[in-house]
> 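Below is one structure. I have some questions about it.
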Amino acid sequence: MTNLQIAIDGPAGSGKSTAARQVAKELGYIYVDTGALYRAVALVALRQKIDCSDENLLARLAQTLDVDIRPQSDGNPAYFIKGEEVTDKLRSPEVNNIVSQVAKIPAVRTAVTQKLQAIGNLGGIVMDGRDIGTVVLPTAEVKVFLTADLATRVARRQQELLERGFDLPSDVVKEEVLKRDHEDSKRMLAPLKPASDAYILDTTKLTPEQVVQTIVDLVRQKQQQQLSS
Ligand code: DC
């Protein structure tokens, strides 16, 4: 079977990471959570008390930061910075609060995008993020843009945080989701938007299994087309 590039984009809580991880597992592809790289920059910035408006320092940090991504048997990659596992810390509320600000800095995006393109060139990958189909992998063979209504996305985000040990009320989670929606879609560079050739999938009423099946079907169709052309 051909090793394709699969781009899955969408806002927070649209179900991208759950879907992308499972799609990769079913296809025997590598899953790459691109938000994790922006989160890693945000985490180190917090630890080093770098001001979020200090674009030069953040750019240097993004260019030099070495995040070690180790695939795990359960399909969830683990992330290490200088030998320390930071997987859970990347998803803390503190990181959630500043990550969009970090991700809108052009030089940070350039550094992260270059790292992602190098990984993407290997093929046989499923990448999820905000700009994968538009900027990181514009020639990806399969592009999917996931959406879901706000209440559903807030409930999913709240559950995800709970599973990571952060028990937050829904109004706090809603505020965070709305703030990130606004920052991710209004930024000048690589804003969250579907690629013109993306398949738009509303996951509000779908089970995670149905979302995965839809994407896997799209990939199989593409593989068939490639084999017969
Ligand atoms: O998907 P996530 O919640 O882990 O993403 C964290 C932040 O990183 C999000 O606010 C937007 C940013 N991001 C981005 O700008 N481009 C990507 N490809 C992935 C994430």
Side-chain angles (χ1 to χ4, degrees), residues 4-45 62 65-81 84-96 98-100 102-103 108-109 111-137 140 142-148 153 156-157 159-161 163-164 166 176-177 180-181 184 190 192 198 201 203 208 211-212 215-216 219:
L4 307 182
Q5 293 178 333
I6 300 162
I8 302 183
D9 290 300
S14 58
K16 356 178 251 310
S17 61
T18 310
R21 203 176 302 129
Q22 193 58 30
V23 167
K25 205 169 168 192
E26 295 218 1
L27 298 168
Y29 281 17
I30 293 168
Y31 164 58
V32 185
D33 166 9
T34 68
L37 295 195
Y38 291 102
R39 288 171 177 276
V41 177
L43 177 67
V44 177
L65 187 62
D66 201 4
V67 185
D68 184 12
I69 309 173
R70 301 188 197 160
Q72 308 278 90
S73 54
D74 64 359
N76 291 313
Y79 299 89
F80 292 76
I81 296 174
E84 176 198 348
E85 180 168 6
V86 293
T87 314
D88 284 341
K89 297 188 183 83
L90 294 183
R91 303 215 152 252
S92 66
E94 293 77 17
V95 169
N96 283 348
I98 67 154
V99 64
S100 290
V102 170
V108 169
R109 298 203 70 80
V112 171
T113 298
Q114 283 170 352
K115 286 179 201 196
L116 295 173
Q117 286 173 334
I119 302 172
N121 284 339
L122 302 172
I125 51 116
V126 181
M127 252 187 211
D128 79 0
R130 302 293 191 289
D131 60 345
I132 309 306
T134 50
V135 176
V136 179
L137 303 176
V142 178
K143 297 180 186 175
V144 183
F145 191 89
L146 299 183
T147 61
R153 295 196 293 117
R156 288 177 185 165
R157 201 56 160 179
Q159 180 62 27
E160 182 197 327
L161 284 163
E163 282 164 17
R164 291 173 192 276
F166 304 105
E176 181 240 313
V177 168
R180 293 214 296 129
D181 274 2
D184 294 343
L192 170 70
L201 183 59
T203 68
V211 176
V212 170
I215 301 172
V216 169
V219 176

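In this text, all values refer to a predicted model and were calculated from it rather than measured experimentally.
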> So which heavy atom on Tyr38 is nearest to which on Thr113, and how close?
OH-OG1, 4.2 Å
> State the OH-CD1 distance between Tyr31 and Ile6, to the nearest 0.5 angstrom.
13.0 Å
> Under 3.5 Å, side chain of Arg153 to main-chain N/O of Ala12, donor-acceptor pair present?
yes
> Within the side chain of Ser14, is there an N or O that forms a donor-acceptor pair under 3.5 Å with the backbone of Ala148?
no
> For Asp9 and Phe145, indicate whether the former's side chain and the latter's backbone hold a donor-acceptor pair under 3.5 Å.
no
> Check whether Arg130 reaches the backbone of Leu192 with its side chain - one donor and one acceptor, N or O, closer than 3.5 Å.
no
> Quick one: do Arg109 and Asp131 satisfy side-chain contact (heavy atoms from CB on, under 4.5 Å)? Show the steps, please.
CA-CA 10 Å; Arg109 298 203 70 80; Asp131 60 345; 2.8 Å; yes
> Any donor and acceptor pair, going by atom type alone, linking the side chain of Arg39 with main-chain N or O of Leu90 inside 3.5 Å?
yes
> Hey, mind stepping through Arg156 and Glu160 against salt bridge (charged side-chain N to carboxylate O under 4.0 Å, His left out) and telling me if it holds?
CA-CA 6 Å; Arg156 288 177 185 165; Glu160 182 197 327; over 6 Å; no
> Please give me the minimum heavy-atom distance between Ala7 and Ala140, naming the atom from each residue.
CB-CB, 4.1 Å
> Do Ile81 and Lys89 come within less than 4.5 Å of each other through their side chains, counting heavy atoms only?
no
> Would you check, one step at a time, whether the test side-chain contact (heavy atoms from CB on, under 4.5 Å) holds for Lys115 with Val67?
CA-CA 10 Å; Lys115 286 179 201 196; Val67 185; over 6 Å; no
> Do Ile132 and Gln5 touch side chain to side chain, with heavy atoms closer than 4.5 Å?
no
> For Ile69, does the CD1 atom sit with more than 12 other heavy atoms under 6.0 Å from it, leaving out its own atoms?
yes
> Between Arg91 and Leu161, is there a donor-acceptor pair closer than 3.5 Å when you use the side chain of the first and the backbone of the second?
no
> Of all heavy-atom pairs between Asp184 and Ser100, which one has the smallest distance, and what is that distance?
OD1-OG, 3.0 Å
> Once rounded to the nearest 0.5 Å, what's the spacing between atom OH of Tyr79 and atom CG of Leu43?
13.5 Å
> May I have the step-by-step check of side-chain contact (heavy atoms from CB on, under 4.5 Å) for Ile119 and Ile30, ending in yes or no?
CA-CA 10 Å; Ile119 302 172; Ile30 293 168; 5.6 Å; no
> Whether the side chain of Lys16 engages the backbone of Gly10 through a donor-acceptor N/O pair (distance < 3.5 Å, no angle test) should be reported.
yes
> Identify every side-chain donor-acceptor pair in residues 18-27 under 3.5 Å, counting partners at least two apart or on other chains, and give the distances.
from	atom 1	to	atom 2	distance (Å)
Arg21	NE	Asn76	OD1	2.7
Arg21	NH1	Asn76	OD1	3.3

> Of all residues at least two apart in sequence or in a different chain, which pass the side-chain hydrogen bond (donor to acceptor under 3.5 Å, both in side chains) check with Thr34?
none
> Can a donor-acceptor pair be found between the side chains of Asp128 and Ser17 at a distance below 3.5 Å?
no
> Any non-hydrogen side-chain atom of Val177 less than 4.5 Å from a side-chain atom of Asp181?
yes
> As an exercise, state the distance from CE of Met127 to CG of Asp33, rounded to the nearest 0.5 Å.
10.5 Å
> Are any of the side-chain heavy atoms of Val126 and Ile215 separated by less than 4.5 Å?
no
> First locate atom CG of Asp88, then atom CD of Glu163, and finally report the distance between them rounded to the nearest 0.5 Å.
11.0 Å
> Using atom types as modelled and distance alone, determine if a side-chain donor or acceptor of Tyr29 lies under 3.5 Å from a backbone N or O of Leu4.
yes
